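Throughout, a chain's letter reflects where its sequence line sits, starting with A, and its residues are numbered from 1. Since we're looking at a predicted model, the values are computed, not measured.
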Amino acid sequence: MSTRLCLITNNSTLRACTIGNSSIDFSIQLLEGSPFDVLMGGRDLIHQGWRLLNHPLYGNFRPGQQAMRSLLLSFDSEKNNKATAPHQTKAVQEYYDEDSLNYIEQALQIYEPFSKLLPTIDAEKTLKSKLLADCALIDKELMHVTLKTSGINVPLNHMEE
Amino acid sequence: MSYRVLHYINQFFAGIGGEEKADISPEIRDGLVGPGQALNPALNGEAEIIKTFICGDNYFANNIDAVCAQVVALVKEAKIDALIAGPAFNAGRYGTACGAVCAAVAKECNIPVITALYPENPGVDLYRKLIPIVESSDSARGMGKAVPAMASVILKFLKKEELCKSDHSCLMEKGIRINMFYDENGAERAVAMLVKKLKGEEFTTEYKMPVFDRVEPRPAVKDMSKATIAIVTSGGIVPKGNPDHIAASSAQNYGEYDFANVKDLLQNEYITAHGGYDQTYANEDPDRVLPVDVLRDIEKEGKIGKLHNKFYTTVGNGTAVANALAFGKEIGQKLRDANVQAVILTST
Amino acid sequence: MATIVPISVSVGANRIIPTVSIPYPLGNPKLNPVEEKNLRRQLVEKALKALQTDVTEQTVFTE
Amino acid sequence: MKLELHRVKVKKWAFGSATGFANATVTVNKEELTALLLQDERLAGIELHLAHPGDSIRILPVKDAIEPRCKLEGAGEVFPGYIGDVDTVGEGKTLVLDGAAILTTGRLVAPQEGIVDMKGPGADYTPFSQTANLVVYITPREGVVLHELENACRMVGLKTAHYVASSCKSAKADKVDSYDFPPLAEAMQAHPKLPKVAYVYMLQSQGLLHDTWVYGVDAKQILPTLISPTEIMDGAIISGNCVSACDKNNTYVHLNNPIIESLYKRHGKDINFVGTIITNENVTLADKKRSSSYAIKLAKMLGVEGLVISEEGFGNPDADLIMNCWKAERSGIKTVLITDEFAGRDGASQSLADSCPEGNACVTAGNANMLITLPPMDITIGDLPTAEVLAGGFFGSMNKDGSMDVEIQAILSATNELGFTRNGARTE
């Protein structure tokens, strides 16, 4: 079973996510940045052997129409250790998940032309703008199943509390 | 009053010489030179080649911007109405020059331009989206077919007339998606296509998925201890400062760098321009992408004849397939000209 | 020489050497400099061996 | 399963004292319908408007489009799980007000679009400029959470469509189309010389405002399954999908699925159309693998030789489309894919996010990034995009003269991936 989970997002309403099963090391990287920054962060983790749990192009908006992006990744230390034992001559190649690499590269190519136009989002801006609050809510809804099936509790929408 | 046309040709078609004259600098002559004599009558009096711009292919390759600027200046100063370049058939550097000159003139002077290239010519993929290109055969034997096609198209542009069916058929695809309304709705088109596919009949897909062509494997190197080996990378290793400004993604060019007296790629002397991966490790030791240190050892031990003194590099990150194809052809050509026997291609 | 073998296969490469990782294909920062250069040497020698091997189809050299 | 669709040709809507049908006109009692819809306290207000082909009217953002239908004979009622109970539908007789559509509008979230122009260049890109439309403008009640609002809006469309149709049961059909889908045992023996073909019907299922329901079940939660086309004609599949306007399948196009229509037209002549497999397009990668393998396994169990596969949406679902394609082709089943393209405003970018060499037979509904200028209309029904949305480049740009520059992505069903329209693209 994967022992580590990481949620990379610029959606501050996901800040309060918690893991049900405490034996799993769950970390949140809350970026103050654009969706492009989130994808780049995900890419670097994938290059170190992490695996995507959700498709990076979820939601049927175009890059310019969705200020938020979230990626849930898992790290299977067993697979990784086997591949990167330094002195091994045979299995020299470090572990990487091919599908995750394929999807993150596609997403980056689609987001790249927008990378300079996308807004930099932070928690404060999200609260103040109706548009960003709606984007945050939709983003959380779209990530709901992925987070839930990985045993992550998603905080109720603060408007609902 | 007939339209004033400028004709661009290289040293060979100007009758000045072949490879040995490829370095001659630009020369402007009045009237017709070489293929101009066949082109002019094909314009049947409605347009006339009044000047010919001649430039050596090597000179052009080393002074692309300067020569393009010179052609643009001539077009403005001589009040030129249209530019015809080539035909260049399958000549790589000449085809790229024709494409570059046409693209510059079209952009700066907004007048009609035309050239004719063989589909495999690297100039095609570099410029097909920017300028009209007539499809020609791979050698001057195809002059008879290329000239009338170029004349017919350029005259239509000059007179602002619609291209006829035969014009369209001789022009190369730009590779741009244009919306249109079909006679039947998409569902009927799909079911009709499936019926054909099931019967094994010919059908044309409305969208071609990118498919990479296969290349014949080259025979093994017989005697490595006598062979010249070159290294090429898409990992973006460049001298510090990235002198040729190779973009971090969607690269539009490649670099050629001499490393004859370099034994090891040292930190701060070489860096990576590649935007597709965490650059820390490649900047720490560029040998991790381009193995110069190990190859120099192997060269010293005589296990290979010689390490070619130039390496080629670009950034393989979201690079358009057309560009990658063109870079590959050009680099391959240069390595063959330097009689390199084998290449180690590294990527991330 | 490439880390993502399936992509090298899909673009038509005929002689393919799997390498270490995307950010450091011919090295490994977790090793000390001597071990790392030795790893690089092994990989480059595999490449030279592949260049001296006749192939009739796309071949991934793992040995 | 045998179903007759009794099509009554509708040219016009009108408001009047009694809801009913007479000489190609559907009359609606405004107060009666409004009262019916306002029984749902999640809604604060309802406005009814009419829009006919050629009117200088713009409707946006359109949430859903529904064709008025109700059962005349046979079990259950249309839109099972919402209007009808949950028992199987798809047999007997169903009334269809042909040429009429219900369009629901009202802004639920800021970045939402869906333009229908009844006239001008925009009208060429949406099928709903050719239908007579009853437009229901919904004002949600303050403080109701988005989930509830989305459900309320969906119910408004379905209730209106059913209410109007059931008030016109006495109308005489201008045309009766009958569809007959025998049980599998029979279907497999029929037309032995013709290749067996099935349809893989991908349903958008990513989450709120990106969902589709089957008999009231959220498509995210289904395993791929078989469904009879006649159940679809009775509204077994309804849309809760608001994004993107150009390639989301609203309920109207589910009811009138053109692929089922085309396959049925060639059934018994060129092919033996044996089945329809519905599958989903979830966000998690595990679901994508599971659903695509399961759907193609069903196709293998049916023993089909060919599949038409239609996608809903772009980007995320491109991955499912490509998985469905290569998994089918590698198990010997020939495929044709229907999709749309996002090739950039200049048409020069890569149209799809994913690809596979097996995908050698594709039909596309055109490039959704194509820019178009929509002239001002006399009347606008619904809510214009907020200034903030416009500023953020989320929508397009409004010009001083009231015209708009938008990508056809913002126009309802402009690049519908069921192939509902004649829109497409070619390489120049």
When you check the side-chain N and O atoms of C/Thr19 and C/Thr3, is any donor under 3.5 Å from an acceptor? yes
Can I get a per-line list of side-chain donor-acceptor pairs under 3.5 Å for residues 336-344 of chain B, giving both atom names and the distance, sequence neighbours left out?
unit_1, atom_1, unit_2, atom_2, d
B/Asp337, OD1, B/Gln333, NE2, 3.2
B/Gln341, OE1, B/Thr228, N, 2.7
B/Gln341, NE2, B/Asn339, O, 3.3

Highest number of heavy-atom pairs under 4.5 Å with chain B: which of C/Pro29, C/Ala50, C/Ala47, C/Gly27? C/Pro29
Side-chain donor-acceptor contact under 3.5 Å, B/Asn90 with B/Glu120: no
Top residue by heavy-atom pair count (under 4.5 Å) with chain B, among C/Glu57, C/Gln52, C/Arg40? C/Arg40
Of the backbone (N, CA, C, O) and the side chain (C-beta and beyond), which part of C/Leu43 lies under 4.5 Å from a heavy atom of chain B, both, or neither? neither
Select all residues of residues 275-303 of chain B having any heavy atom within less than 4.5 Å of some heavy atom of chain C, and report them by number, or 'none'. B/Tyr277, B/Asp278, B/Tyr281, B/Ala282, B/Asp285, B/Asp287, B/Arg288, B/Val289, B/Pro291, B/Asp293, B/Val294, B/Leu295, B/Asp297, B/Ile298, B/Glu301, B/Lys303
Exercise: do B/Asp244 and B/Tyr257 side chains pair donor with acceptor under 3.5 Å: yes
Which atoms of C/Gln58 are under 4.5 Å from chain B, going by heavy atoms: the side chain, the backbone, both sets, or neither? side chain
Any side-chain donor-acceptor pair under 3.5 Å between B/Tyr312 and B/Glu330? no
Is there a side-chain contact between C/Leu26 and B/Thr346 (heavy atoms, below 4.5 Å)? yes
In terms of side-chain geometry, is the basic nitrogen of C/Glu45 or C/Arg41 positioned less than 4.0 Å from the acidic oxygen of its partner? yes
Side chain / backbone / both / neither for C/Thr56 at chain B, heavy atoms under 4.5 Å: backbone
Give a yes or no answer on whether the side chain of B/Asn309 reaches the backbone of B/Asp258 with a donor-acceptor pair at less than 3.5 Å. no
